[in-house]
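A note on names: the letters A, B, ... follow the listed sequences, proteins ahead of strands, and every chain is numbered from 1. When reading the values below, keep in mind they use all heavy atoms of this one structure, side chains included, and skip hydrogens, waters and symmetry mates.
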Amino acid sequence: MPRWFYQLASPRWCYDITGKLLPLFAWAAVLLLLGGTAWALAFAPADYQQGNSFRIIYIHVPSAILAQSCYMLMAIAGAVGLIWKMKVADMVAKCCAPIGASIAVLALATGAIWGKPTWGAWWVWDARLTSMLILLFLYFGVMALNSAIENQTTAAQSTAVLSLVGLVNIPIIKYSVEWWNTLHQPATFTLTEKPAMPVEMWMPLLIMVIGFYCFFAVAMMLRLRNEIVSRERRSGWVRELIQTQFR
Amino acid sequence: MGFESFTDFLAMGGHGLYVWLSYAIALVVVALNLMAPLRTKNRFIKSRHDVCAGSKAKYDP
């Protein structure tokens, strides 16, 4: 195992490094999200079929991508915690659930709002929409299970197993628009092909996606640092921190 | 700029309600995700100071 892997396992090292990274990601998120939103709302051209309602894409697609990435991070962190008994990984997995749930709500809500003027319905029981709703329920399940078990180690192990089992839903969401007939349009971004939209439409979308990831990093680190000091509250360095910095 | 005027911008070609509602919900979700951990942090600091100031005990639960 490389050295950084062991450093990651140290809560104190993680607390220090996230303290340094937080302002960087916070500034990146502010700049990208403000710039991206201005571009998305005012400067991107309207869609020739959907008109201006298409501007919802700049919230909907980044939040849908992030909700799934967050789930994958939660499952991977849970697996790392299970295999190497790494406490910080357990904490990361725990912090992912509430953020991911809120982002999944955002993706579903903006999808419904976009669906009304475009399809004429707020909701349809379509494969993409249903699998996305299952993702939200998986997040709720992980949160409920985590808070139901008092012992932190047992709670982390159980939620890790649940999130790993739920991982099967991620490819279902991804390929739902290809496997089944659906109202939902296919993926906007793929790794292999150029986007079907012009550059002045997809560039702000790309900026928003990166901005959402930076925002996630900020939300994640804020929660993780709380989790670290809360669990390490009896150790010397946290006591010192409270007496010196948090006066 | 694809809009003639500010009223035009707000109207979003008749889809104003849908577009602005989406962005408003996004703002709320972002704000909640930042406020919740900051509140937790403040509560934690307060509870720790109470522990230190109160009992002065070596053991704390």
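Side-chain contact between A:I242 and B:F44 is present, with heavy atoms from C-beta onward closer than 4.5 Å. Under the 4.5 Å side-chain criterion, counting only non-hydrogen atoms from C-beta, B:I25 is in contact with A:I113.
B:T40 OG1 to A:R225 CZ: the interatomic distance, rounded to the nearest 0.5 Å, is 13.5 Å. If you take CZ on A:F216 and CG on B:N33, they are separated by 9.5 Å, rounding to the nearest 0.5 Å. Separation of atoms CZ (B:R48) and CD (A:Q243) is listed at 11.0 Å; rounding is to 0.5 Å. Atom CG of B:L38 is separated from atom CG of A:N226 by 8.0 Å, given to the nearest 0.5 angstrom. Taken to the nearest 0.5 Å, the NZ atom of B:K41 stands 14.5 Å off from the CZ atom of A:R223.
The residue among A:T110, A:V238, A:I56, A:T37 with the most heavy atom pairs within less than 4.5 Å of chain B is A:I56. Taking B:L34, B:V30, B:L21 one by one and counting their heavy-atom pairs under 4.5 Å with chain A, the maximum is reached by B:V30. Heavy-atom pairs under 4.5 Å with chain B were tallied for A:A112, A:A219, A:S102; the largest tally goes to A:S102.
Using a 4.5 Å cut-off between heavy atoms, B:V28 does not touch chain A at all. The contact between A:Y58 and chain B is made by backbone and side chain atoms together, counting heavy-atom distances below 4.5 Å. Residue A:A46 does not touch chain B at all, counting heavy-atom pairs closer than 4.5 Å. Only the backbone of A:Q50 has a heavy atom closer than 4.5 Å to any heavy atom of chain B. Proximity to chain A (any heavy atom under 4.5 Å) is shown, for B:A11, by neither the backbone nor the side chain. For A:V218, the part lying under 4.5 angstrom from a heavy atom of chain B is the side chain only. Both the backbone and the side chain of A:L41 come within less than 4.5 Å of a heavy atom of chain B.
In plain terms, the two heavy atoms of B:F3 and A:R55 that are nearest each other are CZ-NH2, 3.6 Å. In this structure, A:S53 and B:V19 approach most closely via the heavy-atom pair CA-CG2, 3.9 Å.
Residue-environment remark: OH (A:Y15) exceeds the threshold of 12 foreign heavy atoms within 6.0 Å. Crowding of A:W122 atom CH2: a count of heavy atoms from other residues, nucleotides or ligands under 6.0 Å exceeding 12.
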Problem set entry | side chain to side chain contact (heavy atoms under 4.5 Å, CB included) assessment of B:V29 paired with A:V105 | CA-CA 9 Å; B:V29 168; A:V105 167; 5.5 Å; no
For this session: Kindly indicate, with the supporting measurements, whether the criterion side chain to side chain contact (heavy atoms under 4.5 Å, CB included) is fulfilled by A:N52 and B:Y18.
Result: CA-CA 9 Å; A:N52 285 307; B:Y18 302 113; over 6 Å; no
